[in-house]
Structure formats: structure tokens, C-alpha cells
Amino acid sequence: MPEGHTIHRLAEDYAAAFAAGTPLRVTSPQGKFADAAALLDRTPLHTTDAHGKHLFLGFGDAEPAEWVHIHLGLFGKVTFGPAPAPPPTDTVRLRLADATSYVDLRGPTTCALITDPEKQAVHDRLGPDPLRPDADPALAYRRIGRSRTTIAALLMDQKVIAGVGNVYRAEVLFRHRIDPYRAGRDITAAEWDAIWADLVALMREGVRLNRIDTVRPEHTPEAMGRPPRVDDHGGEVYVYRRAHLPCHICGGEIRTADLAARNLFWCPDCQRR
DNA sequence: CGACAATGAAAAA
DNA sequence: TTTTCCTTGTCGC
């Protein structure tokens, strides 16, 4: 579900579903996006883009001047299917369809028609995204390295770094044995470089597999002789949603707490202050 | 069938 | 810091 890797994968999948230049049927059965859908109807999808958890669908024959800005929030979902599209349920905010396939969007926090400058404004308020080739990790460290806020909260702040959600936050801190309550300014430049490089690798793998896997080969269920555990997020993890279960590495109890309005998970033995 | 939680973030207070 | 938006899968009755 929707952390940055999901959104980048959606950008790829939307682009792959519809050949450039093919006019699409654009509808909003649910109604909230009906006016904009009518404007876009019978125009082709030209480009897709993703930054953090924000998805942009550019419509038009040439350089898109208009974009559909989508943010899935906590509940948003996208489903792909082959033509003919089934009758839409009344929760479908946006349906794109052509002769071969359809894509339905449900429950997004944001689905709005925006201009090029408005799209740029979204980019401007987001931090570097490990999945974007133009991302500059030093920009994020400039804020982290001088902040008294905990590293766990900073990793969730999209202005600091874009695309990391609750799963990647918990997992990357575990993989680097960093206590989630450490202040950002106590994270060394070397530690940040390692965290960033790890996020780039983990999230790229997340896009490829369309799920979050963070467990190193030597700690997989097979390697450790335990049964595989596939959670709702689809992958194998060290600490996320494993509260009160034994740590895969030290056997200690995984702890949970509220941090930055979300459930934090960590191993207090492996991640010492 | 209702209650509730869920990987998010903006608005309101 | 709390409330609100919005949908769906799961759990308990």
C-alpha cells in the first residue's frame, strides 16, 4: 500500500496501460471529479510522474499543461484491468479506459486538475525522493543534522525526505541499528549517507516487486528456519507491525509506541541509543 | 452487520 | 495537538 514505491510503480503502470496518443475515456462515476473528467475526456495520457507519495498524470497531445494530481492518503487504491471495463461502482473517483484496458482510482485524499506551475509548487514543498534520479540527499541532511526532532519523526516529514512511510521508517532504522528517538542532529553524516543509500536500494526493489521487503538474505525465514510471514503490506520485514514478537536477530521483544501520530516499531536491544 | 484499524496529510483548534 | 477526510479488510458478535 501507499508509500513512495507504490506511487512510482503506479506512475509506470499508468504509462504502460495506455499508449501515448490514444484518446482515453475519462470519467468520474463517484462524481467528485466529474467536471475535470469531462474536460479531459477523449484526450490522451502523455506523461506520468511521481514525487514521494504524489502522483501526476499529464494529459494532452504534446507537453502536458494540465495534470491530474493524485494523493492516495491512507485509503486510496488503484486497480488495473482489461477491457471491457465492468460497470463502475459508485466509489470510483476516476476511471481511465481505452479499447484494451481500464484503471480505477478509489478513495484518494487528493484528485485534482492542476496547472504546470501548481505541479511545480508541489515539487517545491517536498524533500528529496530516493526514487528520483535528481534527488539530493544533502538537502535532507541539512535539515536533519540541525534538528532536535527525533529521526523517526524526521523520516516521516515529507518536506525533509519524500516517499518514506511508516514501514520504511521502521525498517531502515532497524537495519542501521539506530534508536528511533535519537535527535536528528545526533545522526552523523556517515550514518545519513548509509541510510539514504539503503532507502534508494530498498525502495527501488519495492517498485520492482510492488511490495516492501527489507529482510537481508541471511535473515530470511528460510535462512533462519522459521515459517515465512507475509503481512498485509506483502513483504518480509524486521519490526513493522511485529509488536511483542521476538526480534529476528536478538530474540528480544519488539516494542511499539506512538511517534509522530503513527505506530512506531523497534527493537530496543538492536537499536540502542 | 457494526466496530475498528490501516502504510497519509491537511485543516482546525 | 486534535480533528477530519475517505475506503476497505478484518474481527467479533
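Just so it is clear, the values below take in all heavy atoms, side chains as well, and ignore hydrogens, waters and symmetry mates. Letters A, B, ... are given to chains in the order of the sequence lines, protein chains preceding strands, and every chain is numbered from 1.
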Check: Looking only at side chains, do Trp67(A) and Asp116(A) share a donor and an acceptor under 3.5 Å apart?
Finding: yes

Next item on the list: Can you figure out which of dA6(B), dT7(C), dA9(B) approaches the side chain of Gln30(A) most closely?
Entry: dT7(C)

Item checked: Whole angstrom value for the distance that separates P of dT8(C) from CG of Asp104(A) -> 11 Å

Next item on the list: Answer yes or no on whether Arg175(A) is positioned over the face of Tyr238(A), meaning its NZ or CZ is under 6.0 Å from the six-membered ring centre and within 45° of the axis.
Entry: no

Check: Is a donor on one side and an acceptor on the other found under 3.5 Å between the side chain of Glu171(A) and the backbone of Val239(A)?
Finding: yes

Note to self: Are the side chains of Pro137(A) and Asp193(A) in contact, using a 4.5 Å heavy-atom criterion?
What the structure shows: no

Check: Between dA6(B) and Asn263(A), is there an OP1 or OP2 to side-chain N/O distance shorter than 4.0 Å?
Finding: yes

Next item on the list: Return the nearest nucleotide to the side chain of Arg106(A); candidates are dA6(B), dG8(B), dT8(C).
Entry: dT8(C)

Next item on the list: Starting from Watson-Crick (N1-N3 plus N6-O4 or O6-N4) and G-U wobble pairs under 3.5 Å, report the runs of at least three that DNA chain B belongs to.
Entry: B:1-6 with C:7-12, B:8-12 with C:1-5

Margin query: Whole angstroms only, please: what is the CZ-P distance between Arg241(A) and dT10(C)?
Written below: 10 Å

Next item on the list: Taking only the side-chain heavy atoms of Met156(A) (C-beta and beyond), determine which of dG8(B), dT7(C), dA9(B) contains the nearest atom.
Entry: dG8(B)

Checklist line | Side chain of Thr91(A) (C-beta onward), nearest among dG8(B), dT8(C), dA6(B) | finding: dT8(C)

